[in-house]
Amino acid sequence: MSKTISIHSFRGGTGKSNTTANLAAQVAMAGKRVAIVDTDIQSPGIHVLFGLDEKKMGKTLNDFLAGRCPIEEVAFNIGEHVGDAQGRQALIGKDLWLIPSSMNSGEISKILRDGYDVNMMNKGLKTLRKALELDYLFIDTHPGLNEETLLSIVISDVLIIILRPDQQDFQGTAVTVDIARSLDVPAMRLLVNKALTRYDFDQVRATVEASYGVKVSGVLPLNEDMVDMGSADIFSLRYPDHPWSVGIKGVAQDILENL
Amino acid sequence: MKNLTGYLQGLELFEPLPEDMIRELARKFTTRSLEVGDVLFRQGQPSDALYIVTEGLIRIVIAGDEGEEVVNETGPGVALGQMTLIDMEPRTAGAVAAEFTILLVLSRDDFMEAFNRLPVQNQIQLREISRDLRLNYADILRQVPLFHDLPDEALKVLMNRIGRKRLERDEVLFNRGDVGDALYVIDKGWVKVIMHNAEGEELTLNQLGPGEVLGEMSLVDEVPRAAGVVALTETEVLWLTRDAFIEFLNEYPAIAQIMLRMLSQRLRFSISYIQQAIELSRKVAEGDYSFAKTEIEKSQSQIIGRGQSDESRVREMLAAFFSMVEGVQKREEELKAQVRMLSIQIDEVKRQEEVESLTGSDFFAELKASAKRIREQDDED
């Protein structure tokens with residue numbers, strides 16, 4: 001049975017897209033059939049990490065939502081098109097798909113103006129799970145608590161909230177956790193990202209868990225090397241021994257074993 | 001005084017007298033008592049008696065800008081007037097009772113009557129002793145570099161204008177901001193020149209010892225004292241009022257040259273102080289606190305010999321600076337420890353308000369209602 005996992009953060013800049021891409025890649029590396037849906041229609045970005053640009057992209061989630069094509073046609077098979085980035089070579093032959101959002105500004109403004117049929121999105125994802133025989137469907141959401149995000153929470157089996165260790169994120173995460181509980185999301189995890197290395201990570205984990213009553217799947221260090229690399233590759237595949245990569249693999253392990 | 005004869009034998013002035021004459025003179029002493037504030041003698045009056053304090057306290061005062069200034073206090077066992085008794089020199093200072101005081105008094109006439117009966121040879125000897133007593137005082141003055149090259153008659157003038165002040169350890173000579181109305185020369189002991197920083201911590205700017213001049217800046221520019229001075233040891237200072245000094249300066253311009261040399265030495269020392277403080281501040285700015293710990297172990301109040309270079313003297317005086325640096329380092333470490341221990345503060349009121357505003361919408365109600373159905377549907381597939 002497939003699991004839908006929404007990756008969310010209350011504010012932007014938490015490293016959500018990078019985390020989602022790396023997490024999905026690591027789960028795919030474990031031999032699972034995995035797809036990522038970029039529902040951050042307002043500001044899509046995850047495709048870049050997989051080497052996709054507007055030209056290579058072909059059909060997008062926007063085409064499906066506009067009724068122009070079935071969702072299967074949108075799924076881009078990453079295992080077959082890893083590109084030339086060093087880290088992504090590890091994904092050759094893996095079962096990993098990306099359902100990208102359109103980069104076209106006209107498409108973006110159209111969906112922002114008209115919205116989209118929530119039921120259609122839901123049905124599309126269901127179709128996708130079946131057609132690709134997915135083990136895990138990752139949803140990369142837009143930051144904040146808009147209607148699309150709330151929907152993605154409703155259709156998810158697991159909600160992973162990414163937060164940075166700062167007061168604004170703490171406050172917003174508290175609200176998100178309450179909302180998710182109100183919507184009876186079956187399982188929840190917190191992921192602390194961009195933690196300064198001078199923190200005691202065990203203490204951070206314990207404090208966050210105690211504050212929200214939610215299990216912390218990982219505390220990941222602020223990763224300057226990732227900034228250095230830009231968005232050209234899947235970091236944890238390129239630098240598997242880096243502390244950040246080790247952390248993200250731990251989160252993947254949590255998903256595989258417990259969720 | 002149980003054994004006046006024995007006491008008199010110990011005085012320089014009675015040294016050449018035969019014992020029977022001393023005994024005879026001892027019997028000539030009369031007793032006199034003074035109430036508080038009674039004047040024993042005035043500065044400038046010719047000496048007409050020798051006094052020995054047996055009880056109470058006598059203040060030695062000299063004329064200053066604003067009335068009389070106390071230069072010394074003497075208690076029981078001290079003889080007053082030895083120096084000037086024979087030659088009838090004017091008193092170098094006045095004497096006033098600070099408490100109820102009892103004195104033994106020997107009139108000059110009685111002393112001179114005995115003196116005249118002495119063989120001429122002894123009379124000469126006594127006159128020499130008397131002069132030596134005065135010259136001895138002049139010698140002390142001459143040891144002070146500032147007065148070193150003064151002619152004898154200048155020293156004699158000075159002797160009548162100069163005061164002497166004793167300081168106990170930690171006693172304040174003057175405070176920063178005080179009116180600068182006197183010049184001091186250290187005769188014995190050591191003092192520190194201090195300022196206080198904004199936190200009230202004491203900062204030692206310099207240490208000064210025998211022969212060095214204090215308070216010269218205020219004398220020249222009439223600005224209140226730039227720094228305070230506190231005794232590090234038991235200290236004796238000679239002092240001269242501003243007016244007396246200026247007058248003296250006019251009479252003996254050579255003093256000005258010596259003063260200039262001293263001021264320039266002080267200035268060089270200050271420059272060295274500033275240089276080192278800047279150098280150390282730069283280290284602090286770079287996060288290097290390593291020097292503070294080693295430096296701080298050297299005590300601030302220890303006396304630093306004059307043999308050392310200005311640089312090492314300055315370093316030892318920057319003790320307050322070093323403890324300040326240690327404070328900075330400690331605070332920084334505490335801050336680091338604080339950051340490491342993450343604490344989470346959530347505004348619960350704001351949290352509830354935001355949750356309510358989200359869950360209150362029609363969309364949310366609909367979504368919540370359909371959530372169960374959506375999930376069940378999924379499970380069926």
Side-chain angles (χ1 to χ4, degrees), chain A residues 1-4 10 118-119 122-123 125-127 129-130 144-151 153-157 163 165-186 192 195-212 219, chain B residues 282-293 324-381:
Chain A
M1 203 182 78
S2 78
K3 294 275 184 192
T4 301
F10 186 76
V118 162
N119 280 322
N122 191 21
K123 274 181 191 150
L125 296 182
K126 208 187 292 178
T127 309
R129 282 153 65 173
K130 251 191 206 162
L145 287 168
N146 56 22
E147 293 185 356
E148 289 76 32
T149 308
L150 294 176
L151 174 75
I153 292 174
V154 165
I155 62 173
S156 293
D157 301 293
L163 67 150
D166 71 46
Q167 291 304 330
Q168 258 183 294
D169 276 13
F170 292 151
Q171 186 72 31
T173 299
V175 174
T176 311
V177 166
D178 288 352
I179 293 294
R181 286 207 175 109
S182 170
L183 292 173
D184 304 311
V185 65
V192 180
L196 298 180
T197 47
R198 65 166 178 260
Y199 282 98
D200 174 351
F201 281 19
D202 289 338
Q203 188 259 337
V204 170
R205 181 190 291 265
T207 307
V208 173
E209 282 184 351
S211 296
Y212 298 104
V219 178
Chain B
R282 190 185 57 76
K283 282 190 178 181
V284 173
E286 285 171 1
D288 176 7
Y289 307 118
S290 56
F291 61 90
K293 214 174 178 60
M324 190 177 76
V325 170
E326 237 193 9
V328 170
Q329 185 178 18
K330 204 173 146 211
R331 201 162 58 235
E332 193 172 276
E333 276 165 8
E334 276 170 5
L335 195 67
K336 270 190 207 158
Q338 214 178 342
V339 170
R340 260 187 227 118
M341 298 307 288
L342 178 79
S343 73
I344 298 181
Q345 273 127 30
I346 295 166
D347 182 340
E348 292 297 338
V349 174
K350 202 173 145 202
R351 174 185 189 169
Q352 207 180 333
E353 277 171 11
E354 280 178 31
V355 170
E356 274 167 12
S357 82
L358 283 162
T359 55
S361 72
D362 289 346
F363 174 83
F364 193 88
E366 227 171 275
L367 194 68
K368 193 169 161 66
S370 58
K372 202 173 169 216
R373 189 174 42 78
I374 291 171
R375 288 215 181 83
E376 278 165 0
Q377 228 175 22
D378 285 356
D379 290 345
E380 283 162 19
D381 300 326

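Below, chain A is the first sequence line, B the second, and so on; all start at residue 1.
In terms of heavy atoms, B:Ser343 sits closest to A:Phe170 at O-CE1, 3.9 Å. In plain terms, the two heavy atoms of B:Asp347 and A:Gln171 that are nearest each other are N-OE1, 2.7 Å.
Of the residues considered (A:Val185, A:Thr207, A:Val208, A:Asp178), A:Asp178 shows the highest number of contacts with chain B, using heavy-atom pairs under 4.5 Å. Here A:Leu183 is the residue among A:Leu150, A:Leu183, A:Asp184 with the most heavy-atom pairs under 4.5 Å with chain B.
In this structure, the portion of A:Tyr212 lying under 4.5 Å from any heavy atom of chain B is its side chain and not its backbone. Using a 4.5 Å cut-off between heavy atoms, A:Ile153 touches chain B through its backbone atoms (N, CA, C, O) alone. Neither the backbone nor the side chain of A:Thr176 comes within less than 4.5 Å of any heavy atom in chain B.
Residues A:Val175 and B:Lys350 have side chains not in contact (no heavy-atom distance under 4.5 Å, counting atoms from C-beta outward).
The 12-atom threshold is exceeded at CD of A:Glu209, counting heavy atoms of other residues, nucleotides or ligands nearer than 6.0 Å.
Taking OG1 of A:Thr173 as the start and CD1 of B:Ile344 as the end, the distance is 9.0 Å to the nearest 0.5 Å. Rounded to the nearest 0.5 Å, atoms CG (B:Leu358) and CG (A:Leu145) are 5.5 Å apart. The distance from the CD1 atom of A:Ile179 to the NZ atom of B:Lys368 is 9.5 Å, given to the nearest 0.5 Å. In this structure, A:Leu151 CG and B:Phe363 CZ are separated by 6.0 Å, a value rounded to the nearest 0.5 Å.
With hydrogens and angles ignored, the 3.5 Å screen pairs a side-chain donor or acceptor of A:Gln167 with a backbone N or O of B:Gln345.
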